[in-house]
Amino acid sequence: MPSFQSLPGFREFYPEAFARRHHIFRLWRKAAYAYGFQEYDAPVLEPLDLYRAKSGEEVEAQLFSFTDKGDREVALRPEMTPTVCRMVGARAGSLKRPIKWFSIAEFYRYERAQRGRERAFFQFNADVFGESGPEAEIELIALLVQCLAGFGLTAEDFSIRLSDRDLWFFYLEALGFTEIQARSLLSAIDKFEKIGDDAFEGYTTQHGELAPALKAKILEFLQVKSLVQMEAALAPFGSDKLAKRLNDWRQVLDGLAAMGLAPFVEVDLGVVRGLAYYTGFVFEAFDRKGDLRALAGGGRYNDLVKKLGGPDLPAVGFAIGDVTTGLLLEQRGLMPALVKFADVYAVIGGKAERTAAFADIRALRAAGWRVDYAFKDLAFGKQFKAANESGARIALIYGGDELARGVVKVRDLTARQEHDVPREQIVAAVRDFLAHG
RNA sequence: GCGGUCAUAGCUCAGUUGGUUAGAGCACCAGAUUGUGGAUCUGGGGGUCGCGGGUUCGAGUCCCGUUGGCCGCCCCA
């Protein structure tokens, strides 16, 4: 039996929903331009290997993948990062540094849809390539704040939790763990906030019992919530690597504070991000009041461009989704309500008047105004009601009396006042009214 | 992938122990209303009761299956 329902997790955007989506995209785009990022786009369908190369089978299970008619294994893109790494890698030699790019695109993941997560969704992606220092992190975290604050959200609504996989590796190394052990511990740290001690089960089965003293050290470091606490926790080790890393932290936090963004940023070493390709600072945006999942996430991935066949190029990036952002804006009453689709509404008396009105309507539209009118001859009362609902601020009245005198009656729908304007001046009159009102 | 729960008009819902041609409000369309605004009144269109099967003289209602929504788990690039 064929089904004509849309596929699960895929969304249809009726005009009202599309208007909400457009509102979100418009603000993201505005923010990115303000921060000097350039927009790009890329294919929706990619070779499956692009995602295998990056992250392995775990990810493959959640791909929309299939074999095409040319026997190629392909996948709908689940994210932008590998694609943009390939694009930048291919032209890295000729691109002016730093490379600051962004995109707004639809992605696809074959997983169970639920609140805040669909199978098809849009993400804003911003990345900085070619800068290995913390300057790139400052720029991106500031942009991420703007991508939420631009809607009217404040530091009481959301926060950016900043963490650092490098710092964890250096710290665990200083405690005497091998790199493999450290990776396993990071995945435990990722889960600890949610499930507590059980998070360490994976480590114990692989590497044996974790010494209580070492575990205490790890949990203690996990509690670090400020730079001061971090410095205190690391002081006993006296390692060069750790000291240098602390300088990077100072630079990031000072830079963000200088931009006035300190209230948005929290140190939270519990954030380590699931995927293994992150190499340094990682950050996530969270709703402070609600129980929403993460709003956005990102971090540094210095090895990925090279891993995908490009040059050795440092990179940082983040992504923010339209679904959770939209839910949050609706909860906070920050989503604008209605689509107003007209500036001017033409009220037309009858058949002869329609001929005259059409000429002016075309001229006004050519001048860029949004003009609407009724298709059928309707009572004036109905037409004024429609004019009101259209969002138009003025109505142009084409009646027999007016046309006989060579004028159009211009009605201010807000003030409920009207006056005559000679027909040949109608475009100028509309422009004057709407430009000054 | 696993578990819970739900499915009647575009939306929100009613529908009696199984019983005539399945209803209401909102929304939409038309008329009252041929020159001035969110009103009122009257009328209208719109349903394979998610889909398939079963029980029964008879199923929106009971049973089985299936699809989809929502919630939780897993995962979260």
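Residue numbers begin at 1 in each chain, while the letters A, B, ... track the order of the sequences. FYI, side chains are in, hydrogens and waters are out, and symmetry mates aren't considered; it's all heavy atoms of this structure.
Looking at A:Glu402, its side chain comes within 3.5 Å of the base of B:rG35 through a donor and an acceptor atom. The base of B:rU36 is paired with the side chain of A:Glu418 by a donor and an acceptor separated by under 3.5 Å. The base of B:rA77 does not come close enough to the side chain of A:Gln123 for any donor and acceptor atom to sit less than 3.5 Å apart. Put simply, the side chain of A:Arg416 and the base of B:rU36 share no donor and acceptor less than 3.5 Å apart.
By the 30° and 60° cut-offs, the orientation of the rings of A:Tyr301 relative to A:Tyr278 is perpendicular. Between A:Phe124 and A:Trp28, the angle of the ring planes lies from 30° to 60°, which puts this pair in the tilted group. Classified by interplanar angle (parallel below 30°, tilted 30° to 60°, perpendicular above 60°), the ring pair A:Phe151/A:His23 is tilted. Between A:Tyr40 and A:Trp101, the ring planes are tilted. Angles from 30° to 60° get that label.
Which of B:rC70, B:rU36, B:rC76 sits closest to the side chain of A:Lys409 comes down to B:rU36. Considering only the side chain of A:Arg112, B:rG3 comes nearest among B:rA77, B:rU36, B:rG3. Taking every side-chain heavy atom of A:Lys191 into account, B:rC75 is the closest of B:rC75, B:rG35, B:rU34. Considering only side-chain atoms of A:Arg117, the nucleotide from B:rA77, B:rC74, B:rU33 that sits closest is B:rC74. Of the candidates B:rA77, B:rU36, B:rC70, the closest approach to any side-chain atom of A:Phe384 belongs to B:rU36. When distances run from any side-chain atom of A:Glu79 to the nucleotides B:rA77, B:rG68, B:rC2, the shortest one goes to B:rA77.
Between the CD atom of A:Glu118 and the C1' atom of B:rC71 there is a distance of 14 Å, given to the nearest Å. Rounded to a whole Å, the NE2 atom of A:His419 is 16 Å from the C1' atom of B:rU36. For the pair A:Phe10 CZ and B:rG69 P, the computed distance is 11 Å after rounding to whole Å. The NZ-C1' distance, from A:Lys382 to B:rA39, rounds to 13 Å in whole Å. In this structure, A:Asp377 places its CG atom 16 Å from C1' of B:rU36, rounding to the nearest Å. For the pair A:Asp401 CG and B:rU36 P, the computed distance is 12 Å after rounding to whole Å. One can place CD of A:Glu389 at 10 Å from P of B:rA27, the figure rounded to the nearest angstrom. Atom CD of A:Glu111 and atom P of B:rC74 are 13 Å apart (whole Å).
A distance of about 25 Å separates the C1' atoms of B:rA27 and B:rG68, rounded to the whole Å. Spacing of C1' atoms, B:rG3 relative to B:rU8, comes out at 27 Å, to the nearest Å. Distance check on atom P: B:rA9 versus B:rU66 gives 24 Å, rounded to whole Å. Atom P of B:rG65 sits at a distance of 30 Å from the matching atom of B:rC75, rounded to the whole Å. Only the P atoms considered, B:rC62 is 10 Å distant from B:rA7, to the nearest whole Å. B:rC29 and B:rG10 have their C1' atoms separated by 14 Å, with the value rounded to a whole Å. Using atom P as the reference point in both B:rG72 and B:rG31, the two lie 49 Å apart (nearest Å). Taking atom P in both B:rC63 and B:rU21, one finds a spacing of 24 Å when rounded to whole Å.
In RNA chain B, the stems built from three or more successive Watson-Crick or G-U pairs (distances below 3.5 Å) are B:1-7 with B:67-73, B:10-13 with B:23-26, B:28-32 with B:40-44, B:50-54 with B:62-66.
Between A:Tyr51 and A:Phe107, the ring center distance fails the sub-6.0 Å criterion. The six-membered or imidazole ring of A:Tyr345 lies away from that of A:Phe384, with a centre-to-centre distance of 6.0 Å or more.
Each of A:Arg109 and A:Ile397 lies near RNA chain B, and the nucleotide nearest A:Ile397 is the one positioned closer to the 5' end. Nearer to the 5' terminus of RNA chain B, by closest-nucleotide assignment, is the contact made by A:Thr414 (compared with the other of A:Thr414 and A:Leu7).
Heavy atoms of A:Gly297 sit nowhere under 4.0 angstrom from any nucleic acid atom. Here A:Gly9 lies in heavy-atom contact (under 4.0 Å) with sugar-phosphate atoms only. Residue-level contact check: A:Gly399 touches the bases, meaning some heavy atom is under 4.0 Å from a base atom.
Side-chain contact, A:Gln383 with A:Tyr373: no donor N or O sits under 3.5 Å from an acceptor N or O.
Using a distance-only test at 3.5 Å, with no hydrogens or angles considered, a donor-acceptor pair links the side chain of A:Arg354 to the main chain of A:Phe375. Distance alone, capped at 3.5 Å, is enough to place a donor-acceptor pair between the A:Thr205 side chain and the A:Glu201 backbone.
When the side-chain nitrogen and oxygen atoms of A:Lys385 are compared with OP1 and OP2 of B:rA39, one or more of them lie within a distance under 4.0 Å.
With A:Glu46 as reference, A:Arg86 is the one residue of A:Arg72, A:Arg86, A:Arg77 to meet the salt bridge (charged side-chain N to carboxylate O under 4.0 Å, His left out) rule.
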